[in-house]
Number of protein chains: 2
Amino acid sequence: MKLTSKGRYAVMALVDLARFDNINPVSLRDISLRQGISLDYLEQIFSKLKKNEIVKSIRGTQGGYILNKNPNDIKLTNIFHAVDEKIKTVQCKKESKRGCNGKATKCITHNLWDELEIHINTFFENKSLKDLLNNNKETRV
Amino acid sequence: MKLTSKGRYAVMALVDLARFDNINPVSLRDISLRQGISLDYLEQIFSKLKKNEIVKSIRGTQGGYILNKNPNDIKLTNIFHAVDEKIKTVQCKKESKRGCNGKATKCITHNLWDELEIHINTFFENKSLKDLLNNNKETRV
DNA sequence: CTAAACTTGACCATTTTAGTCAGGTATGTA
DNA sequence: TACATACCTGACTAAAATGGTCAAGTTTAG
Ligand code: FES
Ligand code: FES
């Protein structure tokens, strides 16, 4: 059970972006340098963030990305969803009536994993980009 | 972020075992049939559970496995640890002072992932095999 | 007009996962 | 004592996921 770097980088990059986007759009190049993430990889990630309306892009020289929402309204859930970082604890398809073993009933641990998934998602729903900014300022002082 | 089937099967098999081990040891063959898990794969898993003193084995005809502890004392944490199902949210080495980007300080999201890891582990520490048995009985009624 | 920066899509090496396979060894029962 | 049952061990591997790179654009400020 581990986090993929896609989700990790997405959050990292957005925190960086949120810090600097007050004045000008922020270029991926800058984020790449500051956070040590490959530029090509960042492009993939931001393409998805844009499709999900979390950021806006500005083309041309001096272009870059800016947030499309208030940091307080961008939850980790939104970010993870955007870059396909899925929380998958159950093996079966949730909608299906069949269990993961192919039987007609759900397996004996199905409810447990479902509970776990809710537990984790709760964490993500309660964290916004704003929280991370504050948190980071605190630890800086 | 997903659970591997090693962890999932381990818990599934142990719940099955806990239900039937009152009278006789339970053979992997039976668990395999009831839960639809490959026998060869179960053997790998139980080898680890045994090394970690979660189950005991009885060889020969009519042999099988029995729990080595009270179901109330077997937490999900113990099971996951035994089969190497690790929760890995941070990228960096925790003990190291360096960040995941190779820099001298921890990255701006490190604290967040650490918090997440604690959040998940709390869930596992508070769930015992006993809870799962009860839970399952309840949903059966 | 040109350099900076976004855009798109194909491609790929490595690692992890989820097992299988092939041999054992121990022991209760007939 | 034979033999079937069930544990035990380690090597092997196909398929999927991961974590990127590479190439070839388009857009626009200056
Ligand atoms: S995880 Fe849903 S049926 Fe097993
Ligand atoms: S996750 Fe620990 S430094 Fe980035």
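All chains are named by letter (A, B, ...) in the order of the sequence lines, taking the proteins before the strands, and each is independently numbered beginning at 1.
- The CG atom of B/Leu39 sits 13 Å away from the P atom of D/dT5 (whole-angstrom rounding).
- Atom pair B/Leu28:CG and C/dG19:P shows a separation of 16 Å (rounding to whole Å applied).
- Shown for residues 57-68 of chain A: residues whose heavy atoms fall under 4.0 angstrom of DNA chain D, namely A/Arg59, A/Gly60, A/Thr61.
- In the model, B/Lys50 has a side-chain atom that pairs as donor or acceptor with a side-chain atom of B/Ser57 under 3.5 Å.
- Here D/dC12 presents its P atom at 14 Å from CD of B/Gln44, a figure rounded to the nearest Å.
- Residues A/Leu3 and B/Lys51 both approach DNA chain D. Their nearest nucleotides, taken by heavy-atom distance, put B/Lys51 toward the 5′ side.
- Within the 4.0 angstrom heavy-atom criterion, only backbone atoms of the sugar-phosphate kind lie near B/Lys2; the bases stay farther away.
- Using a 4.0 Å heavy-atom criterion, one finds that A/Val26 contacts the sugar-phosphate atoms exclusively.
- Within 3.5 Å, no donor on the side chain of A/Glu43 pairs with an acceptor on the base of D/dT21, nor the reverse.
- Ring geometry, B/Tyr41 versus B/Tyr9: the interplanar angle exceeds 60°, so the pair is classed perpendicular (tilted spans 30 to 60°).
- Of the two residues near DNA chain C, A/Ser47 and B/Tyr41, the one whose nearest nucleotide lies more 5' is A/Ser47.
- With rounding to whole Å, B/Ile31 atom CD1 is found 13 Å from D/dC7 atom C1'.
- Remark: the B/Gln35 side chain and the B/Asp16 side chain contain an N/O donor-acceptor pair separated by less than 3.5 Å.
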